[in-house]
Amino acid sequence: MMCGILIIVFSVCLLISTIKNKEKLEAKTFTISTPANIRVYILFVLFCVVLYFLGFYIGALLFIPALMYLMEVRSVKKIALTTIITLAAVYILFGMLLNISLPAPIFMR
């Protein structure tokens, strides 16, 4: 119920924002095949393959730093902290609180 209410509230906010900024949004162009987008697509496909074979946690452990490096974050401290905090938050939220098992490595199935 709570998620449904939040989705409705955020949808209304998005609708209002879109109507309010209609001219700015119409002037923007988006190209799917830029070199940066192609790198992201390739990385996403690789993540899906790694996710299948190595599971979510190992895949995310490899994917988050790779994506941050691709987005030109060069601070090893930022990359490490972001990776650790994200994986810890996902584990606590999904593994412990919601009791949802994320994809396991193929050798543990």
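Since the structure is predicted, the reported quantities are computational estimates derived from the model, not experimental observations.
In the hydrophobic cluster analysis, where Ile, Leu, Val, Met, Phe, Trp and Tyr join through side-chain heavy atoms closer than 4.5 angstrom, Val76 is grouped apart from Leu81. Both Ile92 and Val90 are assigned to one and the same hydrophobic cluster, defined by single-linkage of ILVMFWY side chains at heavy-atom distances under 4.5 Å. Hydrophobic clustering of Ile, Leu, Val, Met, Phe, Trp and Tyr side chains at less than 4.5 Å, counting indirect connections, keeps Leu46 apart from Val49. Linking Ile, Leu, Val, Met, Phe, Trp and Tyr residues whenever their side-chain heavy atoms come within less than 4.5 Å places Leu51 and Leu102 in a single cluster. With hydrophobic clusters built from ILVMFWY side chains whose heavy atoms lie under 4.5 angstrom apart, Leu43 shares a cluster with Tyr57.
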Which donor-acceptor pairs under 3.5 Å do the side chains of residues 10-24 make with protein atoms, sequence neighbours left out?
| unit_1 | atom_1 | unit_2 | atom_2 | d |
| --- | --- | --- | --- | --- |
| Ser11 | OG | Ile7 | O | 2.7 |
| Thr18 | OG1 | Leu14 | O | 2.7 |
| Asn21 | ND2 | Ser17 | O | 3.2 |

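With sequence neighbours left out, the side-chain contact (heavy atoms from CB on, under 4.5 Å) criterion links Leu61 to Thr83, Leu87. Every ring-ring contact (aromatic ring centres under 6.0 Å, His included) that Phe63 has, sequence neighbours left out, goes to Phe47. Taking Asn37 as the reference, Thr34 meet the side chain to side chain donor-acceptor pair (under 3.5 Å) condition, with sequence neighbours excluded.
Here the closest non-hydrogen pair linking Ala60 and Pro65 is O-CD, 3.9 Å. Closest non-hydrogen pair, Lys78 versus Met68, comes out as O-CE, 3.9 Å. For the pair Ser33 and Ile38, the tightest heavy-atom approach, listed with the atom from each and the gap, is O-CD1, 3.7 Å.
At a threshold of 4.5 Å between non-hydrogen side-chain atoms, the residues Val73 and Thr82 do not count as touching.
The list of ring-ring contact (aromatic ring centres under 6.0 Å, His included) pairs with a residue in residues 64-109, not counting sequence neighbours, is empty.
Applying the 6.0 Å contact sphere to CD1 of Ile32 captures no more than 12 heavy atoms from other residues, nucleotides or ligands.
Other residues sharing the hydrophobic cluster of Ile5, ordered by chain and number and joined by side-chain separations under 4.5 Å: Met1, Val9.
Going from atom CG of Leu98 over to atom CG of Leu93 covers 5.0 Å, rounded to the nearest 0.5 Å.
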